[in-house]
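Residue numbering restarts at 1 for every chain, and letters A, B, ... go by the order of the sequence lines. Everything quoted here is computed from the prediction, not taken from an experiment.
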Amino acid sequence: MIAVTGMGVVSPFGVGLDEVRRGMYSGQALHAEAPFDPARYGLKAVGSLKNFVPKKHIPAMKARRMSRLSQIGLIAAQEAWNMSGVDASGDCARRCGVIVGTGLGSVSSTDSFFEGLVLRGPHETNPMIFPETVQNIAAAHISIELGLKGPNTTFSQGDVASEYAVHYSVGLLKAGLADAVLVCGVDELTEPLVAGLKALRLTSRSGRLAPFDRRRDGIVPAEGGAALVLERAEDAKKRNARIFGYIAGFGAGGDPVERFSYAGTGSMARTMDHAVKESGIMPDFISSSANSSVELDRNEASAIRSVFGSGVPVTSLKSRTGSFMASGIMRIAAALISIGNGMIPPVCGLVEPEIDGIDYVVGSPRPAKAKTCLVNGFSHGGANVCLVVTGPEP
Amino acid sequence: MLGLTALEEALRRSRLNPDDIPPERIAVVMGSGSGGLRSAEKFKRTVLTAKKTLPTLLYSFSSSSFTDLVAARMNSRGLRTTVSTACSSSSTALGAAMDLIRSGAADVVITGGTESLTETTFAGFSALRAVDERPCRPFDRERKGISLGEGAAIFVVEERESARKRGARIFAEIAGYGISGDAHHVTTPEPGGSGISLAIEMALAGAGLDMRDIGYINAHGTGTPANDLAETRAIKAVFGERAYEIPVSSTKSMIGHCLGASGALEAAACILPFGRGIIPPTANYCIKDPECDLNYVPSPVKSSVSAVLSLSLAFGGNNTALVLRSPS
């Protein structure tokens with residue numbers, strides 16, 4: 001078993017895990033104020049970070065040189081790492097890995113570097129921005145600032161980038177290639193990204209964030225970063241670490257579909273089924289991937305119904321935060337908090353479900369002696385990664 | 001387009017019929033640095049100059065878009081993922097593909113990488129003063145930086161016995177890989193090469209090989225002063241006195257730095273010594289650098305080797321070492 005011994009989250013709820021604890025049972029954490037004006041893109045509010053002052057968490061000189069992506073990832077990583085108390089001094093650093101998942105990296109850095117190139121010419125470009133355009137830049141800053149020298153890589157696979165990063169990290173630990181892995185999922189929300197999503201007609205026209213609801217009409221974009229520290233359970237117990245929960249098993253698969261389509265119901269069902277079989281545990285609730293996209297929510301709801309019927313309560317964290325690609329790790333952290341609290345948060349905005357025959361959690365938080373959660377990850381393009389997590393007392 | 005062309009060649013040579021394999025057992029693991037940035041640049045340029053938006057140019061923007069295309073071409077219903085670590089992307093992808101075969105998660109993995117050269121990349125490396133005006137000269141005393149390139153290399157990877165059973169020609173065996181982070185600087189490698197050494201040690205251990213088994217090293221060899229020196233030091237740290245005997249060469253001296261595709265392209269070059277018994281050279285290598293004093297293979301040499309090491313490094317101090325073995 002792989003134990004979670006540290007968690008850090010920077011999300012539309014605010015900076016830090018406590019903000020998730022406070023916000024995840026309240027209403028939608030969408031803000032009209034963002035680094036750009038959401039109204040220009042037909043959105044009343046977006047899932048931008050609230051009260052985000054990077055220099056409160058990173059020395060100002062360093063923060064100034066980092067993209068928003070790097071800042072968010074590093075702050076989440078610092079919180080998780082400090083919480084874990086893992087020793088990375090001396091040779092231990094070589095046994096501590098950094099694995100990151102990101103949907104698109106720092107789109108704003110690529111955009112502003114290229115804009116400078118077009119408008120001012122090749123001799124006036126800013127060399128400080130260029131390194132921030134590579135997708136592994138967050139992993140670079142995290143490894144540098146925390147001094148972690150072990151296995152280091154970055155995955156990008158649409159909406160399941162961070163779920164796959166967890167999958168890979170668990171493999172590293174099981175193979176004995178690392179003793180601790182800091183795994184982080186991060187994406188930034190900046191104007192060029194929203195402009196692109198709008199051009200591709202992926203954003204909501206009404207601005208209504210309502211997963212599974214009949215009236216949903218597209219995503220409300222968001223940003224965030226979340227990190228976990230993972231260790232083999234026996235190592236964590238040996239050093240008397242606080243264990244927040246365990247990663248019990250995975251399912252991974254895909255469906256050959258059109259560019260912005262999602263896997264079909266059968267493919268999603270197979271992936272969930274695989275995760276449940278591999279972990280050998282029936283989930284007590286499901287943290288869905290649903291994000292108010294017309295196709296994703298419909299396929300996921302049908303798949304859940306075909307595998308679990310109405311037997312397992314279903315929630316959607318993205319119904320509060322909006323949608324960012326590498327949100328899987330934030331949803332794992334939230335699932336472990338729900339298990340700890342014995343309370344499943346409801347789906348916000350869901351009034352009239354399109355697909356019936358499912359136990360959606362709606363209205364007020366539902367008390368439940370939940371010990372396990374299935375965290376679903378379904379990406380545009382057709383990749384699926386689902387995983388089962390359990391609380392500290394399996 | 002680069003990637004799909006390479007994919008068709010790989011499929012032809014593998015004589016694999018995707019229809020013979022259950023779709024759930026076909027996985028796709030690709031490496032890509034900047035995905036479809038070239039088209040996204042056109043999108044942005046049109047917005048800036050013509051005030052027009054052409055959304056179809058954004059279709060391939062994400063690094064994983066090529067992975068999804070390959071999955072569609074292969075009718076894959078198995079696991080799919082994309083490694084995006086700039087210049088080491090596709091090297092790590094090959095290693096991750098090996099993991100999937102070893103763990104039994106897939107019967108066939110389509111892996112490799114593709115990268116097209118973009119203005120952003122060219123201007124970026126130029127702004128960092130990392131580009132040599134003349135063709136690059138890796139390991140040479142007069143080296144001044146990189147030459148940029150583009151390309152794609154795709155591999156069909158399967159378990160040895162199943163490849164044998166269907167009578168396929170086996171080009172090489174992916175034997176092991178190692179990945180590490182320098183934890184040093186975003187653009188400069190750690191001067192002592194300790195992160196690179198760690199990746200090499202992991203790769204050798206994973207392959208179950210001793211450093212004495214390695215007959216050729218395909219270096220990252222970009223031609224920047226800092227890269228080539230750090231790499232040389234790492235090779236010396238792992239191989240000791242043997243470092244001076246093993247031929248070390250840079251494919252980038254011939255095709256330039258193909259970024260996210262370079263690891264896969266160089267893995268393809270590493271297979272040359274197995275098939276033809278020829279060690280590929282370092283082109284343009286003329287003047288010996290007192291600090292880079294290994295055998296950099298100024299011209300091709302005949303030699304039969306049973307195992308090779310390929311190194312790939314990236315921004316952020318990301319290091320990958322890949323060990324390939326002769327099929328015989």
Less than 4.5 Å to any heavy atom of chain A: does that hold for the side chain of [X], its backbone, both, or neither?
X	answer
B/N75	both
B/F122	neither
B/F66	neither
B/A71	backbone
B/L48	side chain

Residue among [options] with most heavy-atom pairs under 4.5 Å to chain A:
options	result
B/S194, B/G317, B/A86	B/A86
B/T320, B/T81, B/T120, B/D182	B/T81
B/M74, B/E24, B/R73, B/E119	B/E119
B/A314, B/G316, B/G181	B/G181

Select one option (side chain, backbone, both, neither) describing which atoms of [X] are under 4.5 Å from chain B's heavy atoms.
X	result
A/V107	side chain
A/E258	neither
A/H380	backbone
A/P131	both
A/R270	side chain
A/R94	both

May I ask you to test the [X]-[Y] pair for a side-chain heavy-atom distance under 4.5 Å?
X	Y	result
A/H141	B/V186	yes
B/R45	A/F114	yes
A/D255	B/R77	yes
B/V83	A/F155	yes
A/F130	B/T187	no

Between [atom1] of [X] and [atom2] of [Y], what distance do you get to the nearest 0.5 Å?
X	Y	atom1	atom2	value
A/L200	B/F61	CG	CZ	11.0 Å
B/S180	A/L177	OG	CG	12.5 Å
A/I137	B/S84	CD1	OG	12.0 Å
B/S62	A/Q135	OG	CD	8.0 Å
A/H167	B/L79	NE2	CG	5.5 Å
B/N319	A/K149	CG	NZ	11.5 Å

How far apart are the closest heavy atoms of [X] and [Y], and which atoms are they?
X	Y	result
B/S64	A/G158	OG-N, 3.4 Å
B/D68	A/Q157	OD1-NE2, 3.0 Å
B/R80	A/G381	NH1-O, 2.6 Å
A/S143	B/A183	O-CB, 3.2 Å
B/S65	A/R259	CB-NH1, 4.5 Å
B/A127	A/P127	O-CB, 3.6 Å

Subject >> Polar side-chain atom of B/N318 near backbone of A/A140 as donor-acceptor pair, under 3.5 Å >> reply: no
Original post:
Counting distance only, does the side-chain N/O of A/S156 pair as donor-acceptor with the main-chain N or O of B/T82 below 3.5 Å?
Top reply: no
**OP:** With a 4.5 Å cut-off on heavy-atom pairs, point out which of A/D111, A/N384, A/T125, A/T110 contacts chain B the most.
**Re:**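 Among the listed options, the one with the most contacts to chain B is A/D111.
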Original post:
So does B/R25 have more than 12 non-hydrogen atoms from other groups sitting under 6.0 Å from CZ?
Top reply: yes
Original post:
Which of residues 28-43 of chain B have a heavy atom under 4.5 Å from any heavy atom of chain A?
Top reply: B/G33, B/L37, B/E41, B/F43
Subject >> Residues in residues 91-103 of chain B near chain A [non-hydrogen atoms, under 4.5 Å] >> reply: B/T92, B/A96, B/D99, B/L100
